Amino acid sequence: MSQARINPFNSVAMHGALILYTLIALFPVFIILINSFKSRKFIFREPLALPNAESFSMIGYQTVMKQGDFFLYFQNSMIVTVASLFFILLFGAMAAFALSEYRFRGNMILGLYLALGIMVPIRIGTVAILEMMVSTGLVNTLWALILVYTAQGLPLAVFILTEFMRQVSDDLKNAARVDGLSEYTIFFRLVLPLVRPALATVAVFNMIPIWNDLWFPLILAPAEETKTLTLGSQVFIGQFVTDWNAVLSALSMAILPVLILYVIFSRQLIRGLTSGAVK
């Protein structure tokens, strides 16, 4: 009886804490969005107020479209993000399948070595990475960013996907082998569809850092034709004067792809995060 009385309270408290955390996390996004539709004067006078007939202004979005090559920056960010996620998921899934399916000498050591990449920030090797890109002629190319982000995302992808692939039934895979299916067919047509929640989780976890990164685009691809959206937005930030209308408008448009991706993969993401929690 006492447990039945306690559970509803715990549920309400847990949901209340989650709602509070969600509001705190979304508050900066809300501030950016509402202020992107205000004139500069009202951004500083009433930063928390919603736009009205007096404060409403589209000057920030107009400035972004005229002064900054927004569509080029957006295109570069999309190419880098999509290509990096494709290689992360492909190579990460293949490595995870090998580690979970086959037993060979050094299997555990190799898995631990890949897991170390989660703990060691890739930015520590920025100088060595820059020297490598200079020697290979990849500076100021999108491939430089794609390769770096792929290497950055692989450790986490392998770590997550390995655990999920170990849960795939061995009987199912052995039955496919008896039917004459090759290992590649088993991997692409049998295993990958069963670990879609894990793939969505890896994609979301890697997409946001790649999309928002400023460090490597600034160092490896600062040329105008290879600027990403985050780096391109810096054109509106000056040493003495900052066009806050344009900055907030550019950031608002940069947020949209992240929100769209989350809406599309939210169900798969939740399934990936909660898989194995209930037996």
Side-chain angles (χ1 to χ4, degrees), residues 29 64-65 68-97 114 117-118 122-123 129 132-133 136-161 164 184 187-189 191-234 250-273:
V29 178
V64 170
M65 296 302 178
D69 199 345
F70 177 82
F71 292 104
L72 175 62
Y73 304 153
F74 186 87
Q75 174 183 313
N76 291 338
S77 291
M78 285 296 296
I79 292 174
V80 170
T81 303
V82 172
S84 300
L85 290 180
F86 173 78
F87 289 124
I88 289 172
L89 294 177
L90 176 63
F91 297 141
M94 294 177 72
F97 181 73
L114 292 174
I118 303 175
I122 194 172
R123 293 183 181 181
I129 292 173
M132 185 186 305
M133 295 303 172
T136 54
L138 292 178
V139 174
N140 284 326
T141 66
L142 298 182
W143 274 110
L145 299 177
I146 293 172
L147 292 175
V148 170
Y149 292 142
T150 301
Q152 175 181 287
L154 278 176
L156 180 63
V158 173
F159 180 78
I160 294 176
L161 295 175
F164 273 81
Y184 288 103
F187 172 71
F188 284 107
R189 299 182 59 182
V191 176
L192 284 187
L194 294 176
V195 297
R196 280 182 298 179
L199 293 174
T201 302
V202 172
V204 172
F205 280 170
N206 283 284
M207 187 268 188
I208 296 175
I210 294 173
W211 185 267
N212 292 335
D213 186 42
L214 176 64
W215 180 263
F216 285 113
L218 181 62
I219 295 175
L220 300 180
E224 184 66 24
E225 63 274 10
T226 58
K227 281 184 178 179
T228 59
L229 190 57
T230 306
L231 182 59
S233 300
Q234 304 302 307
L251 292 177
S252 298
M253 290 187 283
I255 291 171
L256 288 178
V258 179
L259 295 179
I260 294 173
L261 181 74
Y262 177 77
V263 171
I264 294 175
F265 293 106
S266 59
R267 181 174 299 180
Q268 297 290 339
L269 175 62
I270 294 172
R271 286 180 57 192
L273 293 175

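As the structure is a computational prediction, the values presented were derived from the model and not from experiment.
To the nearest 0.5 Å, atoms OH (Tyr149) and CG (Leu85) are separated by 11.5 Å. Note that CD of Gln152 and CG of Leu147 are 12.5 Å apart. Values are rounded to the nearest 0.5 Å. For the atom pair Ile79 CD1 and Leu142 CG, the distance stands at 6.0 Å (nearest 0.5 Å). The line from CG of Leu145 to CG of Leu138 is 10.0 Å long, rounded to the nearest 0.5 Å. Distance check, rounded to the nearest 0.5 Å: OG1 of Thr228 to CE of Met78 gives 13.0 Å. Atom CG of Leu90 is separated from atom CZ of Phe87 by 8.0 Å, given to the nearest 0.5 angstrom.
Residues Leu214 and Leu231 form a side-chain contact, since some pair of their non-hydrogen atoms from C-beta on lies under 4.5 Å apart. By the 4.5 Å heavy-atom criterion applied to side chains, Ile122 and Ile129 are counted as neighbours. Between Arg189 and Tyr184, every side-chain heavy-atom pair lies at or beyond the 4.5 Å cut-off. Residues Lys227 and Leu72 fail the side-chain proximity criterion, which asks for heavy atoms closer than 4.5 Å.
Taking every heavy atom of both residues into account, Met133 and Leu220 meet most closely at CG-CD2, 4.1 Å. Of all the heavy atoms in Leu192 and Leu199, the pair that sits closest is O-CD1, 4.0 Å. In terms of heavy-atom proximity, Arg196 sits nearest to Pro193 at NE-O, 3.1 Å. Shown here for Ile210 and Ser84, the closest heavy-atom pair between the two residues is CD1-CB, 3.8 Å. The two residues Gly92 and Ala157 make their nearest non-hydrogen contact at CA-CB, 4.4 Å. Annotation for Ala198 and Leu161: closest pair CB-CD2, 3.6 Å, computed over non-hydrogen atoms.
With ring centers used as reference points, Trp211 lies under 6.0 Å from Phe74.
When the shell of 6.0 Å around CZ of Phe159 is examined, it contains 12 or fewer heavy atoms from other residues, nucleotides or ligands.
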Step-by-step side chain to side chain contact (heavy atoms under 4.5 Å, CB included) determination, Thr150 to Phe86
CA-CA 9 Å; Thr150 301; Phe86 173 78; over 6 Å; no

For side chain to side chain contact (heavy atoms under 4.5 Å, CB included), just list the numbers for Val148 and Met132, CA-CA rounded to whole Å, side-chain angles, deciding distance to a tenth of an Å, and then say yes or no.
CA-CA 11 Å; Val148 170; Met132 185 186 305; over 6 Å; no

